[in-house]
Amino acid sequence: MISKCRATPITLMGSSRRKLVVKASSGSGATKVKNSRRYNITLLPGDGIGPEIMRVAVDVLKAVGTLEGIQFEFTEKLVGGAAIDAVGDPLPEDTLKSCKESDSVLLAAIGGYKWDKNPRELKPETGLLKLRAGLGVFANFRPATVFPQLVDASPLKNEIADSVDIMVVRELIGGIYFGTPRGFGTTINGDRTGFNTDIYSAEEVDRIARVAFEMAQKRQRQLCSVDKANVLEVSQLWRERVTAIGAEYPDVNLTHMYVDNAAMQLIRNPKQFDTIVTSNLFGDILSDEASMITGSIGMLPSASISASGPGLYEPIHGSAPDIAGQDKANPLAQVLSVAMLLRFGLGEATAADRIEAAVMDALHRGYRTGDIMSDGKTLVGCCKMGEILLEALGVRATASLKS
């Protein structure tokens with residue numbers, strides 16, 4: 001359960017002091033709001049710090065719902081290691097069913113040392129891959145934005161990191177993570193082998209390419225496609241199809257780059273990139289590399305969308321089991337994932353803007369969790385950061401987040 005650190009009801013700051021309780025899955029009532037919108041959200045707290053950062057995210061989502069006249073129905077389900085421990089399956093059938101029936105899915109984090117030695121079918125990561133495939137979320141958006149307040153936290157020089165704003169569009173349900181055949185074998189000499197298959201169809205590449213071009217149109221109209229076409233046939237097909245789809249978007253400047261060069265250029269001159277499109281494996285690696293330009297992986301959200309049906313929204317960081325339960329986690333990537341859920345999943349751009357502004361306000365006032373702490377700033381824990389975000393939204397809780 002994630003109710004431990006939740007603050008309800010929420011009171012608007014100001015002379016009217018209207019009280020609105022957002023309806024949740026626990027059956028609590030909700031005050032009617034004129035022209036309100038109602039959405040069903042499946043919550044997947046997962047493992048490690050997941051439940052902690054989810055609590056903050058839900059409080060923020062409820063608060064912005066109060067401000068914008070939006071009502072949410074929350075359904076909490078098991079996934080990952082928590083699901084393995086409870087029912088022996090990293091993605092129970094009822095979890096996937098709930099996700100498919102919802103308007104959007106909010107995931108926190110999965111995995112941990114406890115399950116590292118499990119067979120593949122009983123690893124938390126297998127549940128995540130099945131979830132992505134089950135929802136058909138083929139396009140993953142991973143922004144890497146250097147907040148002006150955190151430029152000093154970047155491991156790169158300020159003049160290199162300042163103003164970096166990259167969107168990595170990663171193909172999410174194809175390539176080597178899903179290709180078959182895969183497994184283990186033995187050579188004729190008795191030497192043990194392991195093998196995977198990196199495979200894409202033209203249709204899969206065309207689909208992700210169009211999403212990337214459309215994303216680039218909303219940004220700086222610059223798209224860099226990353227592959228390894230000098231070595232891999234799968235990348236040769238990738239480049240061929242991305243180039244062909246590019247003819248449909250003459251207003252976007254398309255370039256190509258080999259993945260090894262892209263990894264170098266992200267460090268050497270990250271501001272040359274605006275939107276990047278790449279395969280599942282390359283996107284996994286490059287987006288994590290890009291995240292460190294920002295100073296902490298704990299700041300970065302992601303959105304995964306399908307052709308139809310609910311999207312999946314999650315921070316790109318892991319479950320951090322070493323700090324779980326200690327109120328040390330940074331909830332901001334989870335909260336920014338809520339903003340992406342509102343913007344891309346529900347079309348509630350104004351609500352998303354409010355959340356992003358609240359995060360910027362908290363940072364501007366000098367509040368930091370341990371992973372982004374620097375001299376002269378105020379160190380806070382996960383729950384306290386949640387309270388600060390509610391304050392920045394212009395609401396306050398009638399009870400402490402820690403109650």
Side-chain angles (χ1 to χ4, degrees), residues 136-146 160 162-175 200-230 232 234-291 293-294 300-308 311 313 316 339-340 343-345 347 349 352-353 356:
V137 286
F138 69 92
N140 179 230
F141 302 148
R142 290 192 170 194
T145 303
V146 176
I160 295 176
D162 186 37
S163 301
V164 166
D165 181 11
I166 301 168
M167 177 66 78
V168 178
V169 180
R170 169 190 172 192
E171 200 290 322
L172 199 61
I173 58 173
Y200 276 107
S201 69
E203 181 182 2
E204 288 174 318
V205 180
D206 291 358
R207 181 174 63 176
I208 191 66
R210 288 193 174 93
V211 170
F213 276 107
E214 289 168 11
M215 176 63 72
Q217 285 180 321
K218 298 173 184 177
R219 292 171 55 85
Q220 300 301 314
R221 300 182 184 273
Q222 302 286 330
L223 178 63
C224 180
S225 177
V226 174
D227 58 43
K228 191 62 176 169
N230 59 333
L232 302 175
V234 65
S235 281
Q236 292 166 16
L237 175 68
W238 180 281
R239 182 172 294 207
E240 172 190 311
R241 295 312 307 161
V242 172
T243 301
I245 297 300
E248 301 174 12
Y249 301 88
D251 57 331
V252 175
N253 180 41
L254 172 64
T255 58
H256 300 275
M257 189 175 290
Y258 296 141
V259 64
D260 43 353
N261 187 30
M264 179 183 68
Q265 295 295 333
L266 273 172
I267 301 302
R268 178 179 176 273
N269 180 21
K271 284 196 281 279
Q272 69 182 283
F273 297 104
D274 178 66
T275 306
I276 294 173
V277 62
T278 192
S279 66
N280 204 342
L281 175 62
F282 296 161
D284 193 0
I285 296 167
L286 292 179
S287 60
D288 278 4
E289 180 189 4
S291 75
I293 299 170
T294 71
L300 301 184
S302 76
S304 302
I305 65 168
S306 64
S308 62
Y313 302 86
I316 75 169
M340 294 190 81
R343 186 181 308 281
F344 295 109
D353 289 343
E356 290 166 354

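When reading the values below, keep in mind they use all heavy atoms of this one structure, side chains included, and skip hydrogens, waters and symmetry mates.
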Taking I166 as the fixed residue, which of T275, L286, L266 is the one that meets the side chain to side chain contact (heavy atoms under 4.5 Å, CB included) rule? L266
Within this structure, what is the CG-CG distance for the pair L172 and D284, rounded to the nearest 0.5 Å? 9.0 Å
Determine the minimum heavy-atom distance between S287 and R142, stating which atoms define it. OG-NH1, 2.8 Å
Nearest 0.5 Å, please: how far is OG in S306 from CZ in F138? 7.5 Å
Contact between V137 and I305 at the side-chain level, heavy atoms closer than 4.5 Å - yes or no? no
Do P143 and M340 have side chains that approach each other closer than 4.5 Å (heavy atoms only, starting at C-beta)? yes
Shortest non-hydrogen pair, L300 vs T145, comes out as CD2-N, 4.2 Å
Quick one: does any side-chain atom of E214 pair with a main-chain N or O of A216 as donor and acceptor, under 3.5 Å? no
Keeping the roles fixed (side chain from R219, backbone from D274), state whether a donor-acceptor pair exists under 3.5 Å. yes
Inspect the contact between D162 and K271 and indicate whether a charged nitrogen and a carboxylate oxygen are less than 4.0 angstrom apart. no
Run V252 and Q217 through side-chain contact (heavy atoms from CB on, under 4.5 Å) and show every step you take. CA-CA 7 Å; V252 175; Q217 285 180 321; 3.6 Å; yes
Any salt bridge between R210 and E248, counting N to O under 4.0 Å? yes
Compare all side-chain heavy atoms of D288 with those of I316 and state whether any distance is below 4.5 angstrom. yes
Distance, nearest 0.5 Å, that separates OG1 of T255 from CD1 of I276: 9.0 Å
Report the C-alpha distance between I293 and V146 in whole Å, list the side-chain angles of each, state the deciding distance to 0.1 Å, and finish with yes or no for side-chain contact (heavy atoms from CB on, under 4.5 Å). CA-CA 7 Å; I293 299 170; V146 176; 4.1 Å; yes
Donor-acceptor under 3.5 Å (N140 side chain, A303 main chain): yes
I need the minimum non-hydrogen distance between A202 and L237, along with the two atoms involved. N-CD2, 4.1 Å
Quick check for you: to the nearest 0.5 Å, what is the distance between S201 atom OG and R207 atom CZ? 7.5 Å
What is the minimum heavy-atom distance between G174 and N280, and which atoms define it? O-ND2, 3.1 Å
Residue pair L223 / M215, side-chain heavy-atom distance below 4.5 Å: no
Over 60° means perpendicular and under 30° means parallel, so tell me whether F213 and Y249 are parallel, tilted or perpendicular. parallel
Applying salt bridge (charged side-chain N to carboxylate O under 4.0 Å, His left out), which residue pairs with at least one partner in residues 256-269 are found, sequence neighbours left out? K228-D260
Nearest-0.5 Å distance that lies between atom CE in M264 and atom CG in N269: 10.5 Å
About how many Å separate CG of N230 and OH of Y258, when rounded to the nearest 0.5 Å? 4.0 Å
For Y200 and S279, indicate whether the former's side chain and the latter's backbone hold a donor-acceptor pair under 3.5 Å. no
Donor-acceptor under 3.5 Å (T278 side chain, V226 main chain): yes
To check you understand the geometry: which heavy-atom pair defines the closest contact between A144 and S291, and what is its length? CB-N, 4.5 Å
Given side chains that start at C-beta, do those of Q272 and M257 come closer than 4.5 Å, heavy atoms only? yes
Mind checking whether Q220 and D165 have side chains closer than 4.5 Å, heavy atoms only? no
Do W238 and I208 touch side chain to side chain, with heavy atoms closer than 4.5 Å? yes
Mind checking salt bridge (Lys or Arg N to Asp or Glu O under 4.0 Å) for R343 and listing every partner two or more places apart, or none if nothing turns up? D353, E356
